[in-house]
Amino acid sequence: MSFLLPCPHCGPRDVNEFGYQGEVTVRPKSAPTLRELTSYLYFRRNVAGVQREWWFHRDGCELWFQAERDTRTNEVLKTEVARASAAGVPGPAAPAVPEPPAV
Ligand SMILES: [Zn+2]
């Protein structure tokens, strides 16, 4: 399987340069029930169609970003850097673009 995945920073690259990190999920509330927590940790939608996913440019700029990909055709419809502060967008606690090291 090979297709082009456009990194928001580097542009289109072979998908083998990236790490797939799973579909985007929604974190449960601050005090989830055991059922909500189990569902969040172990169950995925696994849709046959357009799915929003986390990707990591492992062999490039090391940017974490989200892509909308059709799982049936591997057509990538959109990629964008996700911000944790954006409304309704779950994401890492740290900024998606890592800060340069202080020297
Ligand atoms: Zn990149």
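Only heavy atoms go into these numbers, but all of them, side chains included; no hydrogens, no water, no symmetry mates. Both counts, for ligands and for their atoms, begin at 1 and track the order of listing. For this chain, numbers begin at 1 and follow the sequence in order.
Nearest N/O/S atom of H57 relative to the Zn ion (ligand 1): this is ND1.
Within the 4.5 Å cutoff, the side chain of T79 has heavy atoms near those of the L5 side chain. Side-chain contact check for C7 versus W55: every heavy-atom pair is 4.5 Å or farther apart.
Angle SG (C10) to the Zn ion (ligand 1) to SG (C61): 100°, rounded to 10°.
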Q: Mind running side-chain contact (heavy atoms from CB on, under 4.5 Å) on W54 and W64 for me, showing each step along the way?
A: CA-CA 7 Å; W54 281 106; W64 284 85; 4.3 Å; yes
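In summary, H9 places no N/O/S atom under 2.8 Å from the Zn ion (ligand 1), failing the contact criterion.
T25 places no side-chain N or O within donor-acceptor distance of the main-chain N or O of R44, the cut-off being under 3.5 Å.
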